[in-house]
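Start at 1 and go down the list; that is how both ligands and their atoms are numbered. The basis for the numbers below is simple: all heavy atoms, side chains too, and nothing from hydrogens, waters or symmetry mates. In this chain, numbering begins with 1 at the start of the sequence shown.
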Amino acid sequence: MMLSLLLTIPTLFLAPAALLLTSLPQSIAVTCPTLSDLEHDLGSTLSKGSSISASASDAPRWSLYGAPKPAFIVNVSAESDVVSTVRYCNKKNIIFLAQSQGNGWADTFRLGNCGLIINMAGLNKVAFNKYRTIASIGGGAQVKDMVLAAYNNGTRFSNPTCTCLGFLGAVLGGGISRSQGLYGQGVDQVLSLNVVTASGDSLRVNRRSHRDLWYAMRGAAPNFGIVTSAHVKAYPVPKDQNIAWEGAITFADDKLEPLIKAIRDLDLRPEMEIDFLFATSGPPLNTPAITAIPFFLDNASAARVAFASIFALGPLSDETKEVPYDHWGDFANSFCQKGMRKPAYGASLARQGLDPATWRAVYEEFKTFVARYPEAAGSSILAEYYPVQKAVAIGDTTSSYPFRDVPIHVVTIPVYQNSSFDVTANAWGARVRSLLRSTDGLDMNSTYINFAHGDEPLNEIYGKDLPELQKLKKRYDPQKKFNQWFPLA
Ligand SMILES: Cc1cc2nc3c(=O)[nH]c(=O)nc-3n(C[C@H](O)[C@H](O)[C@H](O)COP(=O)(O)OP(=O)(O)OC[C@H]3O[C@@H](n4cnc5c(N)ncnc54)[C@H](O)[C@@H]3O)c2cc1C
Ligand SMILES: *[C@@H]1O[C@H](CO)[C@@H](O)[C@H](O)[C@H]1NC(C)=O
Ligand SMILES: *[C@@H]1O[C@H](CO)[C@@H](O)[C@H](O)[C@H]1NC(C)=O
Ligand SMILES: *[C@@H]1O[C@H](CO)[C@@H](O)[C@H](O)[C@H]1NC(C)=O
Ligand SMILES: *[C@@H]1O[C@H](CO)[C@@H](O)[C@H](O)[C@H]1NC(C)=O
Ligand SMILES: *[C@@H]1O[C@H](CO)[C@@H](O)[C@H](O)[C@H]1NC(C)=O
């Protein structure tokens, strides 16, 4: 089956076969097994409730652009299934990738011809200790299920906003959360991790055992292992007090500069967070709109005082209200819609990155793009501004997330159907990112890994932790089994 071997190798590597086999960055399967091979050899070792298929619809993706194209999907239903699958793939030289909720949009997936997705979504356990201060969660737990269980048990997590996300997918890359001002970032929520390594071994990783992995996994997990379950922090709050104040406020075009300035000048206390968004009204008019979405972990009267400078600008509309914890993510549900092509581009900013002139230029880029390309009218530019006091106080050295002191993360999201538009969309995303970086106020270009595109130099994503992470990568994954997500090697 030389044919399948050749097809998976970039022409760069076309060299004598013997050399190839030792120099390839990933182990390449020479022959793909058939589905029935898999069912026979792997299926017999999996637990009840798991399944194997060849249908990509068993592991749907948020973005079809750059999406991994698996030959096989294994729905696991027990932690031991992950071990069995990794060992099987290693034995057969099959490239594999763990998928939780499939929201990752990286342009770095390279599954080859026989690639296999380990669909973790079935590992969705959520259980609390009796004080509701610690939750035991499955490796594929979805934010939605965790929030609902927490709310109904009188507690809460420091979780990402959109409830369609895999909790660990977001958290292990740093994890930004609207309550992080009180509780810290995602990586600070983790108490222990059960990890399946590149060799298919199971390790318990925490501050006392495997300390180097404890550091590496909290910031760069997808390069080091698959987390099959974890213990994470929860924060008891009586159900009737488990509320925040949030909602959309829209502004006329000519309020953009004062809005950016007012956001920049906010005293962003730990209870506060604010997003702002450029999006259109949708078809047929596709009118561009400027929307701010403030968040406050307290009641409405306290919130309106904290955000008084924003209201003073005279918004066109105001939908802010007190919202119970189990509905905090509702406003963003439309963002969660799976499908379409979304080659998103991230850039992180210091507070000074809220430069009115730059943001005017960014808004003009947005308006021009959606006016010229109605097929991409669902595109948007989203900025999220977080209080970082708590994350900075917790400190930098215990995890490998490099940007604790960086408060603003922006993502430019072209959204469209037809791959013939990829070139135009990518050029736009990269152009907006450059504009934002021109006044980012940082010492170096930086991008939150979970908002990154895939074309960045690695130090923009891993920051000062890059050398240490690359050293650990050599030790823990010398054969580069975990090389699908902004690969370190
Ligand atoms: C609509 C939307 C809203 C978002 N909002 C936020 C937000 O509020 N805060 C925030 O921090 N980020 C946010 N993000 C970014 C988000 O963190 C990333 O998209 C993240 O990759 C999603 O994880 P997932 O499990 O859903 O996706 P997946 O694509 O399944 O996973 C992403 C990566 O993590 C790896 N991975 C997943 N689970 C595990 C595991 N158990 N062990 C090891 N590796 C694992 C996968 O292999 C993959 O490389 C948002 C993204 C979207 C699309
Ligand atoms: C695999 O899991 C997904 C959820 O992630 C589900 O939609 C799909 O039906 C499952 N496939 C099979 C064959 O059980
Ligand atoms: C409380 O959490 C437990 C898990 O610890 C869960 O099984 C239960 O459904 C939750 N209670 C409610 C009312 O949701
Ligand atoms: C709202 O919160 C403020 C500050 O926490 C508090 O002083 C006030 O009593 C609260 N008001 C209501 C109506 O609960
Ligand atoms: C995609 O765009 C190309 C070029 O504009 C066009 O020829 C093709 O018909 C489009 N495909 C679909 C499915 O719309
Ligand atoms: C940072 O980004 C800008 C804009 O994309 C680019 O021009 C510049 O070269 C980058 N700087 C570095 C050090 O890579």
Output the list of atoms in ligand 2 that are nearer than 4.0 Å to some heavy atom of [X], sorted by atom number.
X: N75; answer: 1 (C), 2 (O), 3 (C), 8 (C), 10 (C), 11 (N), 12 (C), 14 (O)
X: N119; answer: 1 (C), 2 (O), 3 (C), 4 (C), 5 (O)
X: A121; answer: 5 (O)

Self-check item: Nitrogen or oxygen of R437 less than 3.5 angstrom from that of ligand 6
Solution: no
Quiz item: Is the number of heavy atoms from other residues, nucleotides or ligands within 6.0 Å of CG (D443) greater than 12?
Solution: no
Quiz item: Do W428 and Y373 have ring centres separated by under 6.0 Å?
Solution: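 Centroid separation for W428 and Y373: 6.0 Å or greater.
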Quiz item: Does the separation of the ring centres of F403 and Y448 fall below 6.0 angstrom?
Solution: no
Tabulation required: pairs of a nitrogen or oxygen in ligand 3 and a protein nitrogen or oxygen under 3.5 Å; columns are atom names and distance to 0.1 Å; otherwise 'none'.
unit_1	atom_1	unit_2	atom_2	d
ligand 3	2 (O)	N153	OD1	3.3
ligand 3	2 (O)	N153	ND2	2.3
ligand 3	5 (O)	F128	N	2.9
ligand 3	11 (N)	N153	ND2	3.0

Quiz prompt | With E364 via side chain to side chain donor-acceptor pair (under 3.5 Å) - residues at least two apart | solution =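 Here the qualifying residues are R360, K367.
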Quiz prompt | Six-ring centre of F369, R431 cation under 6.0 angstrom, axis tolerance 45° | solution =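 No, cation not above the ring by the 6.0 Å, 45° rule.
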Self-check item: Axial cation check for W245 ring with K321, 6.0 Å and 45° limits
Solution: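 No, cation not above the ring by the 6.0 Å, 45° rule.
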Quiz prompt | ligand 2-proximal atoms of S53, by part, heavy-atom distance under 4.0 Å | solution = neither
